[in-house]
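Report on the structure given below.
Quick note: residue numbers are just sequence positions, from 1. Computed from heavy atoms alone, side chains included, the values below leave out hydrogens, waters and symmetry copies.
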Amino acid sequence: MSNEKGPNIKKKQKCKNCEGKGLVKKGENVVKCQRCKGTGVR
């Protein structure tokens, strides 16, 4: 019997530190997010 729901694909979660943008504002500067290293994905 085949699985009717299809493959189990997990959605990539956004990085909570930068809200998925990959950039964080530090004072005046805009810096790459340290947690996700600029990818925006956790």
* **Gap between atom NZ of Lys26 and atom SG of Cys33 - 0.5 Å precision** => 9.5 Å
* Structure fact -> Between Cys18 and Cys36 the two heavy atoms that sit nearest each other are SG-SG, 3.7 Å
* To do: Kindly compute the distance separating NZ (Lys37) from CD (Gln34), expressed to the nearest 0.5 Å.
  => 8.0 Å
* Structure fact -> Taking every heavy atom of Cys15 against every heavy atom of Arg35, the minimum-distance pair comes out as SG-CB, 4.1 Å
